[in-house]
There are 2 protein chains.
Amino acid sequence: MNSAVANTQNRVLDAAERLFAEQGFEGASIRAIVDAANVNLAAVHYHFKSKEALLEAVLLRRISVINEARLKSLDAAEAAAAPNAPSVEAVVRAFIIPTVECAQRDETGATFVQLMSRMFTEPKFSMTDFLGRKSGDAMSRFTAALTRALPQMPAEVVMWRAFFAIGAMHHLLCSPGKIDLLSKGLRNTTSDADMTSYLIEFSVAGICATTTNTRTAEKAKSKMVQSRKHK
Amino acid sequence: MNSAVANTQNRVLDAAERLFAEQGFEGASIRAIVDAANVNLAAVHYHFKSKEALLEAVLLRRISVINEARLKSLDAAEAAAAPNAPSVEAVVRAFIIPTVECAQRDETGATFVQLMSRMFTEPKFSMTDFLGRKSGDAMSRFTAALTRALPQMPAEVVMWRAFFAIGAMHHLLCSPGKIDLLSKGLRNTTSDADMTSYLIEFSVAGICATTTNTRTAEKAKSKMVQSRKHK
DNA sequence: GTCTATAAGGAGATAGAC
DNA sequence: GTCTATCTCCTTATAGAC
């Protein structure tokens with residue numbers, strides 16, 4: 001087999017992953033990437049066609065691994081809870097832990113997750129579209145599981161809360177040292193395991209919050225009335 | 001007075017605000033900004049010295065307004081609750097609402113908040129450093145208020161939860177349409193007022209979560225023991 | 001598959017006329 | 001304060017030799 005090809009491609013992917021994460025899509029030039037990868041400038045266009053296609057290749061290489069781990073964990077939670085629905089915490093853990101573990105496993109993993117978080121806000125690239133194309137099915141599994149775990153909660157509220165939890169996760173994983181805004185050095189004194197616990201605690205409590213808001217409560221009430229009618 | 005000067009400066013600031021938000025710092029060129037502002041290329045360097053200084057000027061123009069509103073609201077909450085500490089919800093509302101209101105007031109406000117959220121993950125610019133320099137005092141007021149509202153909670157846990165809440169807020173405000181990842185069109189069917197309620201509900205519940213985690217509970221316990229010793 | 005060479009254009013910054 | 005002109009450097013992308 002032509003291992004030289006795979007080597008060149010992987011060296012480019014590794015370098016692009018790091019530089020896109022560190023400097024952003026616009027900030028990292030193809031020239032910087034080929035320098036870091038020790039390959040020729042033209043190799044990128046030969047193997048990946050364009051800079052944006054290279055970015056998608058970088059993302060695709062690892063995102064499928066994370067989604068597989070998420071779904072495997074969700075499958076296990078659903079099997080363990082059967083015939084009932086798994087708890088919100090079980091669903092949240094199944095979603096969050098594979099990402100956080102990837103970020104905490106080694107520097108490469110941290111870099112990749114940082115890149116993912118960054119790309120959510122990156123100009124000229126729609127991470128939403130990308131994930132919809134590549135992870136749409138996994139996302140549907142999780143929103144369905146959350147909705148089942150919270151039968152009295154309006155689906156709209158469930159979606160927004162899941163959305164907020166994802167925001168909290170990406171805020172944590174996107175930029176090391178950002179917590180220093182609140183308290184200098186806090187990140188350095190909190191272990192990875194504690195950070196993960198804090199994130200899960202926060203997310204589960206936020207998702208399960210009792211609806212004190214009038215609008216939310218009204219929607220929950222009308223949903224209960226509807227579900228009673230259907231019985 | 002030389003209103004022509006102010007006009008040029010403000011036209012540049014307006015155009016830069018929009019283009020930085022839409023295309024990012026790297027993605028928006030000075031040339032595109034001067035075209036949109038209908039001013040000369042050299043005007044930017046004359047008035048703002050460099051591209052990065054222009055970005056800081058754009059951020060500074062509005063961030064002080066938001067922080068003033070935040071602190072005014074926090075002052076009012078503290079006065080109303082005196083001599084007790086204001087509730088977590090009051091503190092969270094004082095922090096979140098001025099930002100969300102800015103984002104929902106008009107398109108300019110939305111653009112600016114989008115820019116702020118974006119800059120948290122922007123390469124080659126440390127929003128953390130910037131806010132530390134420009135909003136450090138306001139941040140300290142809020143972390144102190146939260147710590148007072150949650151006397152049994154370890155300060156470390158309070159900080160992390162506040163951090164997560166900020167992440168949820170920025171995830172919401174940074175990129176219109178991102179929610180569509182979870183449910184197509186959800187953003188379009190949820191009113192701004194409902195989104196704000198959902199965000200505050202989620203954040204307050206997350207911050208106030210009972211500590212089920214072993215480590216967190218241990219830290220809370222040792223803090224309670226310490227506070228008893230001090231009495 | 002990999003390389004050199006080059007096309008074709010855009011970037012930030014500045015000097016100096018007006 | 002505003003303009004033109006320009007310096008210097010970098011960008012993505014591709015054609016064609018090897």
Side-chain angles (χ1 to χ4, degrees), chain A residues 1-61 115 118-119 122-126 130, chain B residues 1-61 115 118-119 122-126 130:
Chain A
M1 297 288 285
N2 42 8
S3 66
V5 176
N7 236 332
T8 295
Q9 283 181 329
N10 282 332
R11 283 216 307 277
V12 171
L13 286 172
D14 290 342
E17 185 173 68
R18 185 170 61 80
L19 289 173
F20 282 153
E22 287 173 2
Q23 313 186 352
F25 180 70
E26 305 278 342
S29 70
I30 294 184
R31 297 178 125 85
I33 291 166
V34 298
D35 282 357
N38 253 306
V39 302
N40 188 271
L41 174 61
V44 167
H45 293 98
Y46 176 78
H47 286 292
F48 301 98
K49 183 183 159 170
S50 73
K51 191 184 181 184
E52 185 159 357
L54 170 61
L55 171 63
E56 296 214 1
V58 167
L59 292 172
L60 261 176
R61 186 170 59 150
L115 172 65
R118 225 191 241 303
M119 287 306 142
E122 192 75 28
K124 298 181 179 171
F125 180 76
S126 174
F130 179 78
Chain B
M1 298 287 285
N2 42 10
S3 67
V5 175
N7 236 332
T8 295
Q9 282 182 330
N10 282 331
R11 283 216 306 278
V12 171
L13 286 172
D14 290 343
E17 184 173 71
R18 186 170 60 81
L19 288 173
F20 282 152
E22 286 173 2
Q23 311 185 352
F25 180 71
E26 305 278 341
S29 69
I30 293 185
R31 298 177 129 85
I33 290 167
V34 298
D35 282 358
N38 253 306
V39 301
N40 188 271
L41 173 62
V44 168
H45 292 99
Y46 176 78
H47 286 291
F48 302 98
K49 183 183 158 171
S50 73
K51 191 184 181 185
E52 184 160 359
L54 170 61
L55 171 63
E56 297 214 2
V58 167
L59 293 173
L60 261 177
R61 185 170 59 150
L115 171 64
R118 229 191 240 302
M119 286 307 142
E122 191 75 28
K124 298 181 181 172
F125 180 75
S126 173
F130 178 78

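Throughout, a chain's letter reflects where its sequence line sits, starting with A, and its residues are numbered from 1. Because only heavy atoms are used, hydrogens play no part in the values below, and waters and symmetry mates are left out as well, while side chains stay in.
Side-chain proximity of Y46(B) to the nucleotides dG1(C), dG1(D), dA13(C) is greatest for dG1(D). Taking the side chain of H45(A) as heavy atoms from C-beta on, and the options dA13(D), dC3(C), dA13(C), the nearest nucleotide is dA13(D). Comparing atom distances between the K51(A) side chain and each of dA13(C), dT2(C), dA13(D) picks out dA13(D) as nearest.
Taking CD1 of I33(A) as the start and CD of E17(A) as the end, the distance is 11.0 Å to the nearest 0.5 Å.
The CD1 atom of I30(B) sits 10 Å away from the P atom of dT14(C) (whole-angstrom rounding). As rounded to whole Å, 14 Å separates atom P of dG10(C) from atom CD of Q23(B). Atom CD1 in I33(A) sits about 14 Å away from atom C1' in dC10(D), given to the nearest Å. Atom pair E26(A):CD and dC10(D):P shows a separation of 18 Å (rounding to whole Å applied). Computed from coordinates, the F20(B) CZ to dG12(C) C1' distance equals 12 Å when rounded to whole Å. For F25(A) and dT11(D), the CZ to P distance is 13 Å, given to the nearest whole Å.
No side-chain heavy atom of V12(B) sits less than 4.5 Å from a side-chain heavy atom of V58(B). By the 4.5 Å heavy-atom criterion applied to side chains, F125(A) and L59(A) are counted as neighbours. Between F48(A) and Q9(A), the closest side-chain pair of non-hydrogen atoms falls below 4.5 Å.
Using a 4.0 Å cut-off, some side-chain N or O of H47(B) falls inside it from OP1 or OP2 of dT2(D). Close to dT2(D), at under 4.0 Å from its OP1 or OP2, lies a side-chain N or O of T8(B). For the OP1/OP2 pair of dG1(C) and a distance below 4.0 Å, the side-chain nitrogens and oxygens of N40(A) include no atom meeting the criterion. Contact annotation: S29(B) side-chain N/O to dG10(C) OP1/OP2 distance is not under 4.0 Å. Residue S50(B) places no side-chain N or O under 4.0 Å from the OP1 or OP2 atom of dG12(C).
Closest non-hydrogen pair, F20(B) versus A28(B), comes out as CD2-CB, 3.8 Å.
A residue-by-residue look at L41(A) and L41(B) shows that L41(B) has its nearest nucleotide of DNA chain D further toward the 5' end. The 5' end of DNA chain D is approached more closely, in terms of each residue's nearest nucleotide, by A43(B) than by the other of A43(B) and R31(B).
At the heavy-atom level, A42(A) lies under 4.0 Å from base atoms of the strands shown.
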